[in-house]
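Below is one structure, written out as structure tokens; comments come after it.
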Protein chains: 2
Amino acid sequence: MMFSDAIVVNGPLNLNSKEHLLQEHSHAKFGPPGLMALPEPSSDNEGRKIARKKQKRRLSREPGEDGDDRTREHPFIVTEPGEVARGKKNGLDYLFDLYEQCARFLDEVQQISRERGEKCPTKVTNQVFRHAKLKGASYINKPKMRHYVHCYALHCLDREKSNYLRKLFKERGENVGAWRQACYYPLVDMARENGWDIEGVFIRNEKLRIWYVPTKLRQLCHLEKSKDSDSCSYE
Amino acid sequence: MMFSDAIVVNGPLNLNSKEHLLQEHSHAKFGPPGLMALPEPSSDNEGRKIARKKQKRRLSREPGEDGDDRTREHPFIVTEPGEVARGKKNGLDYLFDLYEQCARFLDEVQQISRERGEKCPTKVTNQVFRHAKLKGASYINKPKMRHYVHCYALHCLDREKSNYLRKLFKERGENVGAWRQACYYPLVDMARENGWDIEGVFIRNEKLRIWYVPTKLRQLCHLEKSKDSDSCSYE
DNA sequence: AACCCGGGCGACCATCGGACGCTGGTGCC
DNA sequence: GGCACCAGCGTCCGATGGTCGCCCGGGTT
């Protein structure tokens with residue numbers, strides 16, 4: 001009754017959005033790099049400056065036209081594994097899938113950087129979010145992804161506990177915010193079991209490695225560690 | 001006639017400066033962290049904002065008063081291993097020692113971050129330079145250290161070749177700039193032998209790991225790689 | 001003493017990681 | 001239909017990695 005791994009769906013998900021025209025970017029070659037002249041600043045880096053205001057037109061959707069060209073993503077609700085969110089909501093399987101999509105976008109960015117001989121990111125950076133947007137994944141954005149990183153971490157590190165928490169909070173009718181808060185504590189326990197090295201816990205996990213440890217989680221660990229050592233020693 | 005390692009002096013060095021009142025920072029404890037209140041932004045991070053303008057008074061040194069309170073460090077000249085720079089110059093052993101000092105400052109910064117439960121840098125960052133300055137090592141600064149990273153890299157990765165280059169350029173009476181340029185090419189060769197993974201070459205070396213790969217070196221590798229594949233295949 | 005060469009490093013810049021809170025979607029009554 | 005709740009994400013902010021070129025030290029004449 002511990003890690004059960006790899007059971008949870010990768011199935012339907014994302015019922016309410018229909019942006020999947022991406023997903024299958026084969027790591028293509030993009031042709032020979034073109035021999036950039038060395039003493040110059042750098043090659044044009046994936047439309048960082050250029051094409052900046054190409055955002056989706058906001059505030060222009062006609063009411064009644066629903067489901068597509070949505071102004072903002074439907075909010076998440078607490079769903080149990082495999083459960084499809086009903087109504088104008090997204091489920092947690094979909095949330096977690098977003099993290100996997102980001103990992104794929106990071107792969108692509110790394111591929112491109114390597115081809116160009118540029119610095120190669122090891123984490124999901126601004127550049128990756130920019131790339132995702134460019135590829136049409138407009139439903140991915142930094143604040144959202146950072147907001148739920150620790151929930152995804154629990155999902156990666158202890159599927160069992162993660163699933164249990166989802167069921168529990170769903171049952172109780174708790175909102176997403178409450179569930180999200182609750183996700184911190186199992187992680188703090190895990191950090192404790194690993195000598196309080198939360199960074200290491202992330203880095204040792206294949207999927208988590210690419211995500212920054214959230215500040216709040218790091219702080220919680222530090223706080224708890226201080227409490228621990230206060231109460232059982234006076235060094 | 002390859003890696004001979006660990007022969008080069010760690011001796012006299014730094015004849016013209018007398019700032020070594022640092023060197024021996026034992027990784028002390030600094031007392032208990034103080035249990036920062038969680039929801040707050042962050043604890044005051046090593047005088048990042050505070051004490052900012054505490055710089056050395058410039059333009060106020062009286063002429064004739066030499067050797068101390070110098071406005072700027074003496075320029076480097078090409079010296080061979082163990083050779084002491086004469087006159088108002090610094091030698092390359094001293095330059096390389098500066099990199100070792102930075103490594104020690106990084107250690108300290110990491111120690112402090114870990115105690116405070118803050119993000120722990122793995123590289124020599126701005127924070128490390130700030131810390132060095134705070135500890136009195138005012139002769140260490142970012143532009144200088146970044147400027148010669150690849151020279152230090154050669155020194156770490158192929159002492160033999162590095163020493164040879166120093167002797168050669170000294171003999172020829174070349175200036176520091178010329179020697180510095182020359183340091184790139186052996187490194188490019190080394191990258192070639194390692195599948196053009198210059199990042200990996202740095203990371204695999206204990207001492208280099210903490211330094212960012214200089215852009216110019218990365219670009220040179222990329223350029224050379226393109227040339228290679230152009231001339232021996234048409235894929 | 002005057003001059004010029006060369007390089008040290010102050011200071012700037014684009015971009016980064018990180019966070020807040022406004023806006024407006026959503027379900028309930 | 002109106003309202004209250006709450007969360008998505010635009011947008012800001014301090015700090016970062018990276019660099020350029022000014023200024024002036026130093027050797028030469």
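Excluded from the calculations below are hydrogen atoms, water molecules and symmetry mates; all remaining heavy atoms, backbone and side chain alike, are included. Note that the structure is predicted; figures quoted are calculated from it, not measured. Below, read A as the first sequence line, B as the second, and so on, with proteins coming before strands; counting in each chain starts at 1.
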d(NE2, His131(A); P, dT15(C)) in whole Å
18 Å

How are the rings of Trp211(A) and Tyr99(A) set relative to one another: parallel (under 30°), tilted (30 to 60°) or perpendicular (over 60°)?
perpendicular

Distance, rounded to the nearest Å, where Arg130(A) contributes CZ and dA14(C) contributes P:
14 Å

Asn90(B) CG to dG6(C) P: how many Å, rounded?
19 Å

Can you tell me the distance, in whole Å, between the NZ atom of Lys216(A) and the C1' atom of dG17(C)?
15 Å

Is any side-chain nitrogen or oxygen of Lys123(A) closer than 4.0 Å to OP1 or OP2 of dG17(C)?
no

Out of dG17(C), dC9(D), dC9(C), whichever nucleotide has its closest atom nearest the side chain of Glu73(A)
dC9(D)

The nucleotide from dG17(C), dG8(D), dC16(C) with an atom nearest the side chain of Thr125(A) is dG17(C)

For Arg218(A) and for Pro75(B), locate the closest nucleotide of DNA chain C by heavy-atom distance; then report the residue assigned to the nucleotide nearer the 5' terminus.
Pro75(B)

Consider the side chain of Lys133(B), meaning its heavy atoms from C-beta on, and name the nucleotide among dG6(C), dG10(C), dG8(D) that approaches it most closely.
dG10(C)

Residue Tyr148(B), side-chain atoms from C-beta onward, closest of dG8(C), dT19(D), dG26(D)
dG8(C)

I want to check one thing: is the phosphate of dG26(D), taken as OP1 and OP2, less than 4.0 Å away from some side-chain N or O of His74(B)?
yes

Going by ring-ring contact (aromatic ring centres under 6.0 Å, His included), name the residues that satisfy it together with Phe96(B), two or more places apart in sequence or in a different chain.
His155(B)

Whole-Å distance separating the OH atom of Tyr139(B) from the P atom of dG7(C)
22 Å

Parallel, tilted or perpendicular: ring planes of Tyr94(A) versus Tyr139(A), cut at 30 and 60 degrees
tilted

Nucleotide nearest Arg72(A) when distance is taken to its side chain, options dG17(D), dG7(C), dT23(C)
dT23(C)

Is the side chain of Asn90(A) donor-acceptor paired with the backbone N or O of Phe76(A) at a distance under 3.5 Å, no angle test?
no

Out of dG18(D), dT16(D), dG8(C), whichever nucleotide has its closest atom nearest the side chain of Thr215(B)
dG18(D)

Provide, to the nearest angstrom, the distance between the NZ atom belonging to Lys142(B) and the C1' atom belonging to dC12(C).
10 Å

On DNA chain D, compare the nucleotides closest to Gly177(A) and Pro214(B); which residue's is nearer the 5' end?
Gly177(A)

Counting heavy atoms not belonging to Lys207(B), are there more than 12 under 6.0 Å from its NZ?
no

Counterpart residues, side-chain contact (heavy atoms from CB on, under 4.5 Å), relative to Val201(A) (two or more places apart):
Leu157(A), Asn194(A), Ile198(A)

Below 3.5 Å, does any donor atom in the side chain of Lys88(B) face an acceptor in the base of dG25(D), or the other way round?
no

So which nucleotide from dC9(D), dG17(C), dG26(D) ends up closest to the side chain of Asn126(A)?
dG17(C)

Measure the distance from NE2 on His147(A) to C1' on dA7(D) and round it to the nearest whole Å.
7 Å

Let me know the distance between CG of Asn175(A) and P of dA4(D), rounded to the nearest Å.
18 Å

Would one find a side-chain N or O of Lys144(B) under 4.0 angstrom from OP1 or OP2 of dC9(C)?
yes

Nearest-nucleotide wise, let me know which of Arg146(B) and Ile77(A) is further upstream toward the 5' end of DNA chain D.
Ile77(A)

Please determine whether a side-chain nitrogen or oxygen atom of Lys119(B) lies at a distance below 4.0 Å from atom OP1 or OP2 of dG18(C).
yes

